[in-house]
Amino acid sequence: MSFDRLAPHYRWMEWLLAGGKLQRCRTAFIRDIPPPHRVLMLGEGNGRCLVELLRAFPDAHFTCVDASARMLGCARARVLKRGLSDAGIEFMHADALRWEPPDAQFDLLVTHFFLDCFAPEQLAKLVPRLAAAGTAEARWLLADFCEPSSGFAKWRARCILRAMYCFFRRVTRLPARRLTPPDAFLERSGFALSKRLLADWGLLHSDLWQRAT
Ligand SMILES: C[S@@+](CC[C@H](N)C(=O)[O-])C[C@H]1O[C@@H](n2cnc3c(N)ncnc32)[C@H](O)[C@@H]1O
């Protein structure tokens, strides 16, 4: 699996296919969270959310883990191009399925359009490991695709998701064949959904999760 081929095209493709919708989902809850000290971003891609988090929380330390070296390069370039400093950012080229995060270190986890890359059996291992990297007060920002339960919206989403998985599996060798809702994995890992926004006929969701009390 590699997003290297897609990295230079990711931004214009997103603009063409989704306009500003995905970015609105990525940033929906930035103003609803307390300022984090340490942020773990998984599969951050070309850094659009990273830039907004850096602007909102300039004193935080960021760890960005991505399996694509070119995506990491794009993210760093975007940060510098926006006139921001990359001094507080650690860019890690690693496969999240093998990477061992430190325990209880991060008070903010961010996985935007990332968990949809994995099959259920992979999520069952990955999500608890990421959850364990969060502190007792950790928040988790998660934007992704979803499938509405009925009606026209369901069938619309099905067609779009089928085309997307077909494309991404071909170009990136994505392991997932279809979308697996991550909710049950987060709940089993001790997180509870705090806020959710739906967009684009229910095709997109933007979530704020926090430790279940
Ligand atoms: C669909 S893109 C999403 C990028 C970005 N977060 C966004 O909001 O658009 C998925 C990202 O996850 C990364 N990725 C996929 N599988 C990964 C893995 N096993 N370990 C680390 N990164 C991975 C890809 O390289 C890519 O940057």
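First listed ligand is number 1; within each ligand, the first listed atom is number 1. One is the number of the first residue; the rest follow in order along the sequence.
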Requested in this report: For residues F191 and L109, determine if any side-chain heavy atom of one lies less than 4.5 Å from a side-chain heavy atom of the other.
Outcome: yes
Requested in this report: List every atom of ligand 1 that sits less than 4.0 Å from any heavy atom of S68, numbering the atoms from 1 in the order shown and giving each element.
Outcome: 25 (O)
**Report entry** Numbered atoms of ligand 1 (with element) below 4.0 Å of D95, judged on heavy atoms
**Finding:** 18 (C), 19 (N), 20 (N)
Query raised in the report: Nearest heavy atom to atom 6 (N) of ligand 1: which of G45, G43, A67 does it belong to?
Result: G43
Query raised in the report: What are the two closest non-hydrogen atoms of C146 and A157, and how far apart are they?
Result: O-CB, 4.1 Å
Query raised in the report: Does at least one non-hydrogen atom of F168 fall below 4.0 angstrom from an atom of ligand 1?
Result: no
Requested in this report: Report, in ascending order of atom number, the atoms of ligand 1 lying under 4.0 Å from any heavy atom of A94.
Outcome: 20 (N), 21 (C)
Requested in this report: Tell me which one of R26, H112, M41, H93 gets a heavy atom nearest to atom 9 (O) of ligand 1.
Outcome: R26
Query - Full working for side-chain contact (heavy atoms from CB on, under 4.5 Å) between L50 and R78 - result: CA-CA 9 Å; L50 171 63; R78 182 179 303 280; over 6 Å; no
Query raised in the report: Any N/O of D66 closer than 3.5 Å to an N/O of ligand 1?
Result: yes
**Report entry** Residue part near ligand 1, for F114, under 4.0 Å between non-hydrogen atoms
**Finding:** side chain
Report task. Around atom 10 (C) of ligand 1, find the nearest protein heavy atom and jot down its residue, atom name and distance. Result -> F113 O, 3.6 Å
Query raised in the report: Can you check whether L115 reaches L126 side chain to side chain, under 4.5 Å on heavy atoms?
Result: yes
Query raised in the report: Which of the numbered atoms in ligand 1 are below 4.0 angstrom from a heavy atom of F118?
Result: 16 (N), 17 (C), 18 (C), 19 (N)
Report task. Check step by step if salt bridge (Lys or Arg N to Asp or Glu O under 4.0 Å) holds for E147 and K154. Result -> CA-CA 6 Å; E147 193 180 302; K154 177 187 174 81; 3.5 Å; yes
Report task. Find out if a path of hydrophobic residues (ILVMFWY) with successive side-chain heavy-atom gaps under 4.5 Å connects F113 to F29. Result -> no
Query - Validation row: F3, N46 side chains within 4.5 angstrom (heavy atoms) - result: no
Query raised in the report: Could you go step by step and tell me if R156 and D200 meet the salt bridge (Lys or Arg N to Asp or Glu O under 4.0 Å) rule?
Result: CA-CA 10 Å; R156 174 182 180 268; D200 198 15; 2.9 Å; yes
Query - ligand 1 N/O within reach of A96 N/O, cut-off under 3.5 Å - result: yes
**Report entry** Sub-4.0 Å heavy-atom approach of Y10 to ligand 1
**Finding:** yes
**Report entry** E100 and R129, any side-chain heavy atoms less than 4.5 Å apart
**Finding:** yes
Requested in this report: Would you mind checking which non-hydrogen protein atom is closest to atom 5 (C) of ligand 1, with the distance to 0.1 Å?
Outcome: E44 O, 3.3 Å
Query raised in the report: Applying a strict 4.0 Å limit to heavy atoms, is S2 in contact with ligand 1?
Result: no
